[in-house]
Amino acid sequence: VQLQASGGGLVQAGGSLRLSCAGSRRTFRPLGVGWFRQVPGTERDFVASIDWDAETSDVADSVKGRFTISRDIAKNTVYLQMNALKPEDTGIYYCAARSYTGSRSNNDYTWWGQGTLVTVSS
């Protein structure tokens, strides 16, 4: 399974970005997808996840009310809409996939994309 993360960039605090995670058509549909954030020298932290059918999603408490995860099944793409960004949201955002359901644990994921850098200036 190949995952392509995109949409990162430089934004001022309070701004918005939308990240995309595109997967290959044949293998992406039965997979749960998660987004994780990593700052150099630290572990990858859970941000959000969504199940294969988009019926169930989960977001970390630190981004609840600001970030939304969604999925366009027809386009084989998962989105992370990030609003009201804060400097502490800065990091490399990775999308990852596993069978059927999402998970908060990065150890549960089998496939990983290459990451996209988000920088929020104060």
Side-chain angles (χ1 to χ4, degrees):
V1 176
Q2 291 186 330
L3 305 176
Q4 182 71 38
S6 62
L10 173 64
V11 64
Q12 288 188 333
S16 298
L17 283 173
R18 188 177 78 160
L19 305 184
S20 299
C21 178
S24 51
R25 182 179 64 184
R26 284 174 42 187
T27 54
F28 193 60
R29 290 190 177 185
L31 302 180
V33 174
W35 284 100
F36 291 80
R37 176 177 61 234
Q38 187 172 30
V39 176
T42 68
E43 296 283 327
R44 290 183 184 181
D45 292 329
F46 170 76
V47 176
S49 67
I50 191 165
D51 288 1
W52 72 278
D53 59 359
E55 291 292 322
T56 302
S57 62
D58 185 20
V59 293
D61 289 345
S62 61
V63 304
K64 196 165 290 184
R66 300 188 297 121
F67 291 13
T68 303
I69 188 170
S70 62
R71 183 172 197 146
D72 188 328
I73 295 174
K75 293 184 178 179
N76 297 301
T77 302
V78 171
Y79 302 101
L80 183 67
Q81 179 66 44
M82 306 188 296
N83 299 328
L85 282 160
K86 303 176 181 180
E88 52 262 44
D89 296 321
T90 294
I92 301 173
Y93 283 71
Y94 295 91
C95 64
R98 65 189 295 266
S99 294
Y100 297 114
T101 60
S103 170
R104 290 193 168 210
S105 173
N106 58 8
N107 292 324
D108 288 342
Y109 289 85
T110 305
W111 301 280
W112 289 84
Q114 84 288 1
T116 185
L117 177 62
V118 172
T119 304
V120 184
S121 63
S122 57

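- Remark: side-chain polar atoms of R18 are not paired, donor with acceptor, to backbone N or O of G8 under 3.5 angstrom.
- In the model, T101 has no side-chain atom that pairs as donor or acceptor with a side-chain atom of D51 under 3.5 Å.
- When the side chains of ILVMFWY residues are joined at heavy-atom separations under 4.5 Å, either directly or via intervening members, Y94 and V78 end up in two distinct hydrophobic clusters.
- Here the straight-line distance linking atom OG1 of T77 with atom CG of L19 works out to 12.5 Å at 0.5 Å rounding.
- For the pair S16/Q81, a side-chain contact is recorded, criterion being any heavy-atom separation below 4.5 Å from C-beta on.
- The OG1 atom of T116 lies 7.0 Å from the CH2 atom of W35; values are rounded to the nearest 0.5 Å.
- In this structure, the separation between SG on C21 and CG on L31 is 10.0 Å, given to the nearest 0.5 Å.
- The hydrophobic clustering, which links ILVMFWY residues whose side-chain heavy atoms are closer than 4.5 Å, places Y79 and V63 apart.
- One distance of note links CZ of R44 with CG of N106; it measures 7.5 Å at 0.5 Å rounding.
- In this structure, the side chains of Y100 and P30 come closer than 4.5 Å at one or more pairs of heavy atoms.
- Hydrophobic clustering of Ile, Leu, Val, Met, Phe, Trp and Tyr side chains at less than 4.5 Å, counting indirect connections, unites L80 with L17.
- Under the 4.5 Å side-chain heavy-atom criterion for grouping Ile, Leu, Val, Met, Phe, Trp and Tyr, L85 is connected to V59 within one hydrophobic cluster.
- Listed for the Q38 side chain is no donor-acceptor partner under 3.5 Å among the backbone atoms of G91.
- For the atom pair Q4 CD and Q114 CD, the distance stands at 4.5 Å (nearest 0.5 Å).
- Heavy-atom neighbours of E88 CD from other residues, nucleotides or ligands within 6.0 Å: above the threshold of 12.
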Full working for side chain to side chain contact (heavy atoms under 4.5 Å, CB included) between R37 and S62: CA-CA 12 Å; R37 176 177 61 234; S62 61; 4.3 Å; yes
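- Minimum interatomic distance between P87 and A13 (heavy atoms only, all atoms of both residues): CD-CB, 4.1 Å.
- Nearest heavy-atom pair across V1 and S24 is CA-OG, 4.4 Å.
- Distance alone, capped at 3.5 Å, is enough to place a donor-acceptor pair between the Y109 side chain and the S103 backbone.
- For D89 and K86, the salt-bridge test fails: no basic side-chain N is under 4.0 Å from an acidic carboxylate O.
- For the atom pair C95 SG and I69 CD1, the distance stands at 9.5 Å (nearest 0.5 Å).
- W111 and V33 fall within a single hydrophobic cluster, where Ile, Leu, Val, Met, Phe, Trp and Tyr are joined by side-chain heavy atoms under 4.5 Å apart, directly or via other members.
- By the 30° and 60° cut-offs, the orientation of the rings of W112 relative to F36 is tilted.
- Panel note: side chain R71, backbone A54; no donor-acceptor pair is recorded below 3.5 Å.
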